[in-house]
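Please read the structure below before turning to the comments.
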Amino acid sequence: MLAVDEAAQLSVPLLRQLVARHPRATLLFATTTGGYEGTGQGFVHRFLSALHSDPRPLLRPLLDVPIRWAEGDPLEAWVDDRLLLAPQVPSPPAPTAALGVSTPDLGHPDQADLLRDVVALLTHAHYRTTPSDLQRLLDSPNLSVAVLHDHDGRVAAVNLLAQEGRLPPELCEAMVDGRTRIRGQALADTLVCHTGHPEAGPWPMVRSVRIATHPALRRSGLGARLARHAHDHHHPELFGTLFGATPELLRFRRAQGYRLVRLGASRGSRTGEPSA
């Protein structure tokens, strides 16, 4: 028997190696899968899904009795509500529903329900969502979101975009020389610092931070539709994105016209994948 507590703290490749190296063992993996701990949804979407190919039966007992709070504690409910710690994925639109794209202001009080749906999709689609992501989504002036939804407001997919670039040339030279680094400009920082192209810093850029599709509607072309919407409605010098390199994501981005310009030399501690 092999038991691993706080299993989401380990990278997905390491968890897979443990499974492969103990083909006759009973394996126990205990971890928090909700909230923002460890690799979060990476454990669910990348590791548990891989276990279905293992011949051993997969059991998923869930602990739903509170251990840190009294059951029905109003303070817990208040914290969960304010920080969206337990967002529920919205009901998917009907397969025949007409879907439209909008770019709502998620910080507006009238958009509170839509904000919850958007955060739920982003949280369940990505392994490293944190409470600060919610803060940036509401407060960062360079972030915008495009939502694919039906006429009843049910969310099918989300594309989170960041306006980047327009950096002064002298700042770019300082970045190349290693005298300074910048935050909130992941695409510009990568092109200037890691690929040695200071001329790219002043260009206006649009970065696709994250595309998330409802779990029931994945592989139906909705992510590609949102990518095309961004390409049609923004006109920067370049579009770009950064992500943990998997064959599936590389194929998706290449199908939208992107090309790989840099592959990280090391693997991420959480994903076990190099950055693209």
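We use all heavy atoms of the structure for the numbers below, so side chains are in, but hydrogens, waters and symmetry mates are not.
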Could you check if a side-chain atom of [X] sits within less than 4.5 angstrom of a side-chain atom of [Y], using non-hydrogen atoms only?
X      : Y      : value
Leu238 : Leu187 : yes
Pro90  : Arg154 : no
Leu161 : Val209 : no
Arg181 : Cys193 : yes
Leu48  : Arg60  : yes
Arg166 : Pro202 : no
Pro169 : Pro198 : no
Glu248 : Arg219 : yes

Donor-acceptor pair, [X] side chain versus [Y] backbone, under 3.5 Å?
X      : Y      : result
Arg207 : Gly240 : no
Ser140 : Leu143 : no
Thr123 : Ala120 : no
Arg56  : Ala25  : yes
Gln256 : Phe252 : yes

Starting at [atom1] of [X], measure out to [atom2] of [Y] and round the result to the nearest 0.5 Å.
X      : Y      : atom1 : atom2 : answer
Glu164 : Trp203 : CD    : CH2   : 14.0 Å
Asp189 : Met175 : CG    : CE    : 4.5 Å
Leu148 : Asn159 : CG    : CG    : 10.5 Å
Leu58  : His52  : CG    : NE2   : 5.5 Å
Leu121 : Arg116 : CG    : CZ    : 14.5 Å
Ile211 : Thr241 : CD1   : OG1   : 7.5 Å

Consider only side-chain heavy atoms of I, L, V, M, F, W and Y, link residues closer than 4.5 Å, and tell whether [X] and [Y] are in one cluster.
X      : Y      : value
Leu171 : Val192 : yes
Val89  : Val118 : yes
Leu106 : Leu122 : yes
Val147 : Leu99  : no
Leu28  : Leu10  : no

Do Ser208 and Arg253 meet the criterion of a side-chain donor-acceptor pair at a distance under 3.5 Å? yes
Decide yes or no on side chain to side chain contact (heavy atoms under 4.5 Å, CB included) for Phe243 and Leu250, but give the supporting numbers first. CA-CA 9 Å; Phe243 53 88; Leu250 286 169; 3.9 Å; yes
Contact summary for [X] and [Y], nearest pair of heavy atoms:
X      : Y      : result
Val145 : Pro104 : O-CD, 3.8 Å
Ala157 : Leu222 : CB-CB, 4.1 Å
Leu84  : Leu115 : CD1-CG, 4.4 Å
Arg225 : Val101 : NE-CG2, 4.4 Å
Ser91  : His214 : C-NE2, 3.9 Å
His234 : Phe239 : O-CZ, 3.4 Å

Look at the rings of Phe47 and Phe43 and say which category their plane angle falls in: under 30° parallel, 30 to 60° tilted, over 60° perpendicular. tilted
Side chain to side chain contact (heavy atoms under 4.5 Å, CB included) between Tyr258 and Arg254, intermediate numbers included: CA-CA 5 Å; Tyr258 292 71; Arg254 282 174 168 150; 5.8 Å; no
Look at atom CD of Glu71 and say whether more than 12 heavy atoms of other residues, nucleotides or ligands are closer to it than 6.0 Å. no
Sole candidate of Glu199, Gln185, Met205 that passes side-chain contact (heavy atoms from CB on, under 4.5 Å) when paired with Leu191: Met205
Given the rule in the side chain to side chain contact (heavy atoms under 4.5 Å, CB included) test, do Leu160 and Arg136 qualify, once you have shown the distances and angles that lead to the verdict? CA-CA 11 Å; Leu160 181 60; Arg136 282 191 291 269; over 6 Å; no
Sorted by chain and number, sequence neighbours left out, salt bridge (Lys or Arg N to Asp or Glu O under 4.0 Å) with Asp139 holds for none
